[in-house]
Amino acid sequence: MRNLPVVRRHRDWRCLVIANPTCDLDENEQEALQLEKWFLQRGFRCRLLCGASATKEAVVAELLEEWEIIHFSGHVDPDSGSLVLNDGMLSPLAIQPLLRGSPIAFINGCESASVEMLTESIIRGGVQAVIG
């Protein structure tokens, strides 16, 4: 099988990491820092929104950029499928039109893989795959 080139507008691989927006998950911030370091060592450009910096405004602004990987580690509201951020929630329908490019999304939150409205909205937004 022949390897096809990945078409990107920018030259660098990019990763957005959103971690522990509610500041109540022990070890989550340390895990995010280790993940950021891992990506940086492999030449990725990384943006980390952790704790109080993971606000709706900041997350929306970053989602409007093109990323190869989007990694969310925090709470997912099981009723609405919303990502719980530092200052409120970001609903699946609000996320869908924000996504650019064809990233891979990791949603690391309790029951995130079973919250269909979240995974379906992210897929409809154009991601290659969602891992929950």
Q: As an exercise, state the distance from CD of Glu68 to CZ of Phe44, rounded to the nearest 0.5 Å.
A: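 Rounded to the nearest 0.5 Å, the CD-CZ separation comes out at 7.0 Å.
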Q: Quick check: is Ile123 connected to Leu98 through a chain of hydrophobic side chains (ILVMFWY, heavy atoms under 4.5 Å apart)?
A: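 Yes, one cluster joins them.
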Q: If you round to the nearest 0.5 Å, how far is CD1 of Ile70 from CD1 of Ile18?
A: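 Reported value, rounded in 0.5 Å steps: 7.0 Å.
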Q: Would you give the length of the straight line joining atom CD1 of Ile104 to atom NE2 of His71, rounded to the nearest 0.5 angstrom?
A: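 Here the rounded value is 12.0 Å.
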Q: Partners of Asn28 by side chain to side chain donor-acceptor pair (under 3.5 Å), sequence neighbours excluded?
A: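 So Asn28 forms a side chain to side chain donor-acceptor pair (under 3.5 Å) with Ser73.
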Q: Compare all side-chain heavy atoms of Lys37 with those of Phe39 and state whether any distance is below 4.5 angstrom.
A: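 No. Closest side-chain heavy atoms not under 4.5 Å.
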Q: Transitively linked via ILVMFWY side-chain contacts under 4.5 Å: Leu93 with Leu118?
A: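 No, separate clusters.
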Q: Would Trp13 and Trp38 show up in the same hydrophobic cluster when neighbours are defined by side-chain heavy atoms closer than 4.5 Å?
A: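 Same cluster: Trp13 reaches Trp38 through Ile, Leu, Val, Met, Phe, Trp or Tyr contacts under 4.5 Å.
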Q: Apply the test side chain to side chain contact (heavy atoms under 4.5 Å, CB included) to residues Leu99 and Leu63: give CA-CA distance (whole Å), side-chain angles for both, the deciding distance (0.1 Å), then the verdict.
A: CA-CA 6 Å; Leu99 300 171; Leu63 287 176; 4.1 Å; yes
Q: Against Phe72, only a single residue in Ile107, Val59, Ile95, Leu16 fulfils side-chain contact (heavy atoms from CB on, under 4.5 Å); can you say which?
A: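 The option that passes is Ile107.
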Q: For the residue pair Leu25 and His75, establish whether any side-chain heavy-atom pair is separated by less than 4.5 Å.
A: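 Result yes, sub-4.5 Å side-chain heavy-atom pair found.
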Q: Any donor and acceptor pair, going by atom type alone, linking the side chain of Ser82 with main-chain N or O of Val84 inside 3.5 Å?
A: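 The answer is no, because no donor-acceptor pair under 3.5 Å joins these two groups.
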Q: Quick one: does any side-chain atom of Asp87 pair with a main-chain N or O of Lys56 as donor and acceptor, under 3.5 Å?
A: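 Judged by distance alone, yes, a pair lies under 3.5 Å.
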Q: Nearest 0.5 Å, please: how far is CG in Leu90 from OG1 in Thr55?
A: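 Rounded to the nearest 0.5 Å, the OG1-CG separation comes out at 10.5 Å.
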Q: Restricting to side chain to side chain donor-acceptor pair (under 3.5 Å), what partner residues turn up for Glu62, sequence neighbours left out?
A: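 Here the qualifying residues are Arg47.
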Q: Nearest 0.5 Å please: distance from the CG atom of Leu85 over to the CG atom of Leu49.
A: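 Leu85 atom CG to Leu49 atom CG measures 9.5 Å (nearest 0.5 Å).
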Q: Is the shortest side-chain heavy-atom distance between Cys15 and Val17 below 4.5 Å?
A: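 Sidechains of Val17 and Cys15: in contact.
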Q: Is the shortest side-chain heavy-atom distance between Ile69 and Pro103 below 4.5 Å?
A: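 A side-chain contact under 4.5 Å is absent here.
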Q: Would a distance-only check, ignoring hydrogens and angles, find a side-chain to backbone donor-acceptor pair under 3.5 Å from Arg14 to Cys46?
A: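 Here the side-chain-to-backbone pair does not exist.
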Q: Are the side chains of Glu36 and Leu40 in contact, using a 4.5 Å heavy-atom criterion?
A: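 When only atoms from C-beta onward are counted, Glu36 and Leu40 do touch, with a gap below 4.5 Å.
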Q: Just by modelled atom types, is the Ile122 backbone N or O under 3.5 Å from a matching donor or acceptor in the Gln96 side chain?
A: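 No, Gln96 side chain to Ile122 backbone: no donor-acceptor pair under 3.5 Å.
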Q: Which heavy atom of Gln128 sits nearest a heavy atom of Ser102, and at what distance?
A: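 Of all heavy-atom pairs spanning Gln128 and Ser102, the closest is NE2-O, 2.7 Å.
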Q: Answer yes if Val127 and Val60 sit in the same cluster of Ile, Leu, Val, Met, Phe, Trp and Tyr residues linked by side chain heavy atoms under 4.5 Å apart, and no otherwise.
A: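 Linked within one cluster.
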Q: Calculate, to the nearest 0.5 Å, the distance between atoms CG and CG belonging to Asp77 and Leu83 respectively.
A: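 Asp77 CG to Leu83 CG: 10.0 Å, rounded to 0.5 Å.
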Q: Counting only N and O atoms by type, is there a donor-acceptor contact under 3.5 Å from the side chain of Asn86 to the main-chain atoms of Ala54?
A: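 Side chain of Asn86 to backbone of Ala54, a donor-acceptor pair under 3.5 Å: no, none is there.
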Q: Counting only heavy atoms not in Glu27 (residues, nucleotides, ligands), do more than 12 fall under 6.0 Å from its CD?
A: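 No, the 6.0 Å shell around CD holds no more than 12 heavy atoms from other groups.
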Q: Establish whether Ile131 and Leu35 are linked, either directly or via other cluster members, by ILVMFWY side-chain heavy-atom contacts under 4.5 Å.
A: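 Yes, same cluster.
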Q: Do any N or O atoms from the side chain of Ser121 and from the backbone of Met117 form a donor-acceptor pair under 3.5 angstrom?
A: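 Yes, the answer is positive, given that a donor and an acceptor are paired below the 3.5 Å cut-off.
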Q: List the atom of Gly51, the atom of Cys23, and the distance in Å for their closest heavy-atom pair.
A: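 Residues Gly51 and Cys23, closest heavy atoms: CA-SG, 3.6 Å.
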